[in-house]
Amino acid sequence: MASPGIDTEQEPLLGDRTPGSREWDIIETEEHYKSRWISIRILYLTMFFSSVGFSIVIMSIWPYLQKIDQTADASFLGWVIASFSLGQMVASPVFGLWSNYRPRKEPLIVSIFISVMANCLYAYVHVPASHNKYYMLVARGLVGFGAGNVAVVRSYIAGATSLQERISSMANTSACQALGFILGPVFQTCFALIGEKGVTWDAIKLQINMYTAPVLLGAFLGVLNIILILTLLREHRVDDSGRQCKNVNFEEASTDEVQFPQGNIDQVAVLATNVLFFVVLFIFALFETIVTPLTMDMYAWTREQAVLYDGIILAALGVEAILIFMGVKLLSKKIGERAILLGGLIVVWVGFFILLPWGNQFPKIQWEELHNNSIPNTTFGEIIITLWKSPREDRNEGPTGCPIEQAWCFYTPMIHLAQFLIAAMLIGVGYPSCNVTSYTLYSKVLGPKPQVNLITDDRKFRRNNRIRNVTNL
């Protein structure tokens, strides 16, 4: 048992002195306890790195795709973004099954290595003379395949924590994921200052600009993650009371080890939580997919402006999400996860309702040949956009505005900037609330048993939804 003077940071996150806690019964040595929480925190970091690797380029994919391959259209953008989720959908059950029978280090290291290589490929998609868009498609698909280790991370944390610790641990996991979404766009925004041209390393044909610098950082973080997993991660599994369970790769023999409880899992509850997660993921997948093309078409932003401004918006939403996660951890003890989930869904509904196009103002049309500098019927949103214009705007980027070949540009009212920001703020409140509660409910239903992570099936939604929405944009 750990000594009473152990630092409070090492105590269980919900460490009440009740039956099943470390203080109630001598069920865990101090050494085992420290090793278990070091491993859990390494996986917090893994989740953070995974989120950074995803969000660090999400704002720049569309402008980069337009730059490297003029044949790419919005429909193909849908496939590029969907390839990440498709790869994750395929990989999650594979890595989940692998982790059930083999040490979890193996699928974690292999998956991260795949992501590192895919990020390097993404940095070179401009090199081929043709078909560049397909190289980007493959690169993003492989990054998604590597991101399938999220199933292993959540399964490990659910199995390595007691029931008391699990709620807070799953909330912390989601908080680390949200923190990655915060810093990803922040890094992308900083790299936007490099510009589209950047610098070129001729010896290895590597361009370092605002599109490739983020993925190179993602590759570096992946290598760092592999080193930490190899040196610090250990296999642990405990039951709902915190007693050590037998593990496929547990390195210490112990007479206190117990087998998993043999109770049946409520299959209806498993199905219900997966449907809930399906809906929650719908919210984020829809918003993250359309935000860059939508703002470029609605507000006539250039590629550099879209990367910079959308990165700032998404970073602000990430900060908001962290505050919501902290509040959910406290509020769930009073009203429960179900009430928070319902409230979050209502807030999201209001956000998307506000996002509906209203009024009689229409987006600026992108004319290829005709240049008219007059701006009739200037609105407050257009004035704000003008103030946002960068003095270093590249006039050679090409025409801006809503492409003339998109028929909806002529009959769909403009979503004003203030309207867009209010809707984004509400979605930023509702999504993290639903995210953490759906994961927590799911982990409670499955308990400490090995989890292949049925939530994987919801990645299929992200693929199909993104294709539909970006294609119809």
Side-chain angles (χ1 to χ4, degrees), residues 39 42-43 45-51 53-54 79-122 137-160 170 173 177 180 218-219 221-223 225-226 228-230 233 235-237 247-249 260 265 267 270-271 273-275 277-278 281 285 438-439 442-443 445-467:
S39 298
I42 289 297
L43 293 184
L45 194 62
T46 301
M47 182 68 78
F48 168 76
F49 285 160
S50 177
S51 297
F54 171 75
W79 286 104
V80 171
I81 298 179
S83 64
F84 180 95
S85 299
L86 179 60
Q88 194 172 34
M89 183 191 72
V90 172
S92 290
V94 174
F95 291 139
L97 286 171
W98 188 352
S99 68
N100 285 347
Y101 298 102
R102 294 289 301 168
R104 287 175 176 145
K105 280 185 179 181
E106 295 179 4
L108 285 172
I109 291 173
V110 169
S111 61
I112 296 171
F113 179 78
I114 291 174
S115 293
V116 170
M117 294 297 100
N119 279 325
C120 293
L121 174 61
Y122 187 94
L137 178 70
V138 172
R140 289 301 295 170
L142 290 175
V143 171
F145 192 89
N149 60 16
V150 171
V152 180
V153 170
R154 293 191 180 274
S155 175
Y156 181 101
I157 293 174
M170 297 303 289
T173 303
Q177 187 177 37
L221 294 179
V223 173
N225 198 6
I226 291 175
L228 291 174
I229 290 174
L230 285 173
L233 184 68
E235 300 285 335
H236 296 283
R237 189 170 286 156
N247 193 290
V248 68
N249 195 34
F260 289 116
I265 295 177
Q267 300 296 331
V270 170
L271 177 61
T273 51
N274 275 275
V275 171
F277 188 76
F278 179 97
L281 204 55
S438 61
Y439 270 128
Y442 185 79
S443 65
V445 170
L446 293 187
K449 296 183 179 182
Q451 300 175 25
V452 177
N453 200 345
L454 299 177
I455 285 179
T456 299
D457 291 337
D458 297 304
R459 306 297 179 188
K460 184 175 182 179
F461 152 76
R462 298 178 70 177
R463 172 192 56 166
N464 295 330
N465 181 71
R466 285 169 172 170
I467 294 172

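Within the 4.5 Å cutoff, no side-chain heavy atoms of Leu121 are placed close to those of Val143. At a threshold of 4.5 Å between non-hydrogen side-chain atoms, the residues Phe48 and Leu45 count as touching. Between Val152 and Thr46 the shortest side-chain heavy-atom distance does not fall below 4.5 Å. Counting only heavy atoms from C-beta outward, the side chains of Val110 and Trp98 approach each other to under 4.5 Å. Contact annotation: the side chain of Arg154 approaches that of Thr173 to within less than 4.5 Å [non-hydrogen atoms, C-beta and beyond]. Taking 4.5 Å as the limit, some side-chain heavy atom of Leu233 sits within range of a side-chain heavy atom of Tyr156.
The two atoms that bring Phe95 and Phe145 nearest to each other are CE1-O, 3.3 Å, heavy atoms only. A pairwise comparison of heavy atoms in Ser115 and Ala147 identifies OG-N, 3.9 Å as the closest pair. Nearest heavy atoms, Ala160 versus His236: CB-O, 3.7 Å. Across Gly180 and Ser51, no two heavy atoms sit closer than the pair CA-CB, 3.7 Å. Residue Gln88 comes nearest to Val150 through the heavy atom pair NE2-CG2, 4.0 Å, listed as atom of the first residue, atom of the second, then distance. The shortest non-hydrogen separation linking Ala118 to Leu142 is CB-CB, 3.5 Å.
Residue Leu221 holds its CG atom at 11.0 Å from OG of Ser50, rounded to the nearest 0.5 Å. Distance check, rounded to the nearest 0.5 Å: OG of Ser99 to CG of Leu97 gives 7.5 Å.
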